[in-house]
Amino acid sequence: MTTRELTYVKAFNEGLHQVMAADPDVFLIGEDVAGYGGVFHMFDGLLTEFGPKRVKDTPIAEQAIIGLGVGAAARGLRPVCDLMFMDFVGVAMDQIFNQAAKMKYMFGGGVSVPLTITTAGGGGMSAAAQHSQSLEAWLAHIPGLKVAMPASAYDAKGLIVGAIRDDNPTIVVMNKKMLGMKGPVPEELYAIPMGQANVVREGSDVTIVAIARMVVEATKAAATLEAEGISVEIIDPRTVQPLDTDTIVTSVKKTNRAVIVHEAVEFGGIGAEISSQIQEAAFDYLDAPVARVAAPFSPSPYSPILENAYMPDAARIAARVRAVVGRG
Amino acid sequence: MTQTTALGVQYGPREGYADDVTRELVLELHRGMVRIRLFEEHAGKLVESGDMPGFLHLYVGEEAVATGVMSVLTDADQMTSTHRGHGHAIAKGAQFRPMFAELYGKTTGYCKGRGGSMHIGDTNKGMLGANAIVGGGIPIAVGAAFASQYRGDGTVAASFFGDGATNIGAFHEAVNMAAVWDLPILFICENNGYAEFTAQGNHMKLEDIAERAASYGIPGVVVDGMDVLAVRAVAVAAVERAKAGHGPTLIEAKTYRYFDHQGIKGMRIPYRDAAEVEAWRERDAIKLLEVIGTERDLVSAKEFADIWSQTEAEILEAIEFARNSPEPDPADILDDVYTV
Ligand SMILES: Cc1ncc(C[n+]2csc(CCOP(=O)(O)OP(=O)(O)O)c2C)c(N)n1
Ligand SMILES: [Mg+2]
C-alpha cells in the first residue's frame, strides 16, 4: 500500500477518478463540472478521462440536476450530481427530501436510489449569508438520506467512494476551507462506509465530537490543552446520518465529559442530537453537562471580523473544554 | 431599422431612435455608466490586491443595461438584482461611500458589513438587494410588482438576471405568474453569453432569450445592450406598458462582461478567446455614447473627460472613507436576525 500526501480536494478527485474507472454506471453532472472541472477543482480531469457522455455540464437548474439523478438512479445508474455550494440544496430541496429520500419507502422497497450529491459547505471566506452555510442537521433530519462530511484528505477520498457505492441517496459535503489541506492518502481505491466514526486522537479527560473542519480546530485546541495537562479524545463522526453513536458513547464512558463542536448554528444543530444520544446512553458516566460550541443563531455575516466571531475556533473550543473539566 | 426573429421577437430600436436625445440625457447616462465602470475597476483591484475581503462579480462591459433601464425608474420603483449587482445598485442611486464601506465590511456600509458584494443595495432607493442565489430575485420582483398593482400606486418593478438564470425554475414560475396577472414589471435579461464558464450555446438551444416571452404570452424584445440609448428606449416602452396595466415585458439586452466571471483576471482555464473579448470592447457602451455626444455637438470631449476625472476623485475619497470607517462589533452579531 503506497501512501502519499495529497490535498483534500485532490484526494476527493482521485477517489472519483478511480470509482468512475471501476464502474461504468457512475456518471457526473453539474454546473461547470466538465469543461471547468468545478469551481473548487473537485472535478478536474474527469471530462478528459471519461468523456462528455459521463461528465456533463448542466444549465443552472438545481431541481432538474437532482431530479435527473433520482430518475437515473432509480434505473440503476450511479449518478453523481453536484450542487456547488451547499446553500443551493434549497433550490433542489423537493427532489432531495420529498423524492430521493422517500422513494424506497413509499414504493414498498421496490426501488433503490443510489444517488450521490456532492457539494461544498462551511464558512470562513466572507462569502456571506447564502454561500457559507452548514446545513447538515437539516439533511440528517430526513429519513432515507445519508450525509457525509469529510474532515481529512483520507476521508475525502474514502467517503466519496463509499457514498457512490452506497445504495442510498447520499450527500457528500466537502468543506471549502479545507480544500488545500494535505494529508496521507493511499494510492489504491478504498471506501469508507457510511456510519463509521473516526477516533482522531485518543485521550482520557474529555471527548470532543467535532464535525467537518471543526476536527482541525479541535485538534489544535487539544494540543494547547495537552500542554496544560488536559487529555483530549477527538471523535469525528464522518457521517452525521447515519451517526455512529456507539463510538461516541464508548469514548464518553471513558472520559466522562463531552464537548460537541460544529460550524452550523447551535440551535437545532446536529450537536443537539449527539448530546441527547450521549445523555440517554451514558448519563451515569457524565461528570459534567454535555457542552456545545457552535455558531450563534444568525445568518453568516460577511465582515471578516464578524465571521471570525461567528465561527467556532480552537480558542473557543479550548475555553469550553477548560470549563467542562472544571479549570475554566 | 427593426429586425424580427424567427419567432417574431422584435429587435429594439437601432437607428433613428435617438433623434430627440438631449445634452442633459447624454450627460446623465454617461456619468451613470462611468460611475459603474470606475467603481468596478477600483473594487476589483482592491480585492485582488488583498486590501478588501471577499470576492466580486464585476459588471464592467454591461454598464449600459443597468444605466439605461434605471434612467426611466424612480426611487419608488423596486428592483431586484443578482450576484453581479454593484452596477444595478449604482444605477439605482446607491452612493460610493456606503458601497465601498460595505465591500470593506464596515458599519457604514449599506448592509452594515453583514451582506458584502453579493447582497449590496440601498433599501431606501427601491432595491430589494443583490442576490447570491441565481434566479432568487425574480419571484421577489414579481411580489414587488404585485404590491404596486395591489396598492394602485403607479410604481413598477424591474428584475435583472443573466442568460444562465433563465434556465432555472424560478424564472419560469415567476414570469408566467406575472404574465397571468398583468403585473407591472420589467424582466431584464442581461445576456452576456456565458453562465460562469459555460457558453450560452451549451446551456440552451435558443439564440434570442427574448423568444421565451412567447411561451408566457408577453412581448419579448431584443436590444443592443452596448447602446444605452437603445436600452433606455425599450425600457420606456416597457414601463408605459406596465403602467397602462398591460403587464410585463421581457427585455433581452445583448451584452458582455469584459472581466472574468469572478474578479478581473482570468481564472485557470480559458473558456473564451481574447479576440472575442476585444471585439466586444470595440463596441464599448461608454465610447459609443461619447461618439454620439460629440458628433451631435451635445457634449464636448472635455466635458466627457471631466466626468471621468470627477468620478475618479469621488471614488478615491469614498475608498478612504470606507477604509477609515469603524469595524462592526461582534457583540451586535444577533442584531437584525428578527424584526423586533
Ligand atoms: C441557484 C444557484 N446556482 C448556481 C449558482 C452559482 N453561480 C453563480 S453565478 C452563476 C452563473 C450565472 O450566470 P448568468 O445568469 O448568465 O449571470 P452572469 O454571471 O453571466 O451575470 C452561477 C452558476 C448560484 N449562485 N445560485
Ligand atoms: Mg451570463
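Bear in mind that the values here come from a model prediction, so they are computed numbers and not experimental data. Here is how names work: the chains are called A, B, and so on, in the same order as the sequence lines, proteins then strands, and each is numbered from 1.
Contact count versus chain A (heavy atoms, under 4.5 Å) is highest, among B/H119, B/H203, B/K112, for B/H119. Annotation: maximal heavy-atom pairing with chain A below 4.5 Å, among B/G109, B/G136, B/P330, occurs at B/P330. When A/P299, A/S300, A/A127 are compared by the number of non-hydrogen pairs under 4.5 Å with chain B, A/A127 comes out ahead. With chain A as partner, the option from B/G135, B/A132, B/C111, B/G105 having the largest number of non-hydrogen pairs under 4.5 angstrom is B/A132. Ranked by heavy-atom pairs under 4.5 Å with chain A, the list B/G164, B/A165, B/G169 is led by B/G164.
With a 4.5 angstrom heavy-atom cutoff, B/T166 does not touch chain A via any of its atoms. With a 4.5 Å cut-off on non-hydrogen atoms, B/A170 does not touch chain A at all. For B/N131, the parts lying near chain A are the backbone and the side chain together; criterion is any non-hydrogen pair under 4.5 Å. For B/Y338, the part sitting under 4.5 Å from any heavy atom of chain A is the side chain, from C-beta outward, and nothing else.
The side-chain hydrogen bond (donor to acceptor under 3.5 Å, both in side chains) test with B/R84 singles out one residue from B/H261, B/E190, B/E40, and that residue is B/H261.
Of the N and O atoms on the side chains of B/S117 and B/H57, not one donor lies less than 3.5 Å from an acceptor on the other residue. Under the 3.5 Å distance criterion, with hydrogens and angles disregarded, a donor-acceptor pair is assigned to the side chains of B/H172 and B/Y216. Side chains of B/Y256 and B/E276: a donor on one and an acceptor on the other come within 3.5 Å. Using modelled atom types, one finds a donor on one side chain and an acceptor on the other under 3.5 Å when comparing B/N191 with B/E252. In summary, the side chains of B/Y110 and B/N124 do not present any donor paired with an acceptor at a separation below 3.5 Å, with no hydrogens or angles considered. Between A/D82 and A/T118, the side chains place a donor N or O and an acceptor N or O closer than 3.5 Å (distance only, hydrogens not considered).
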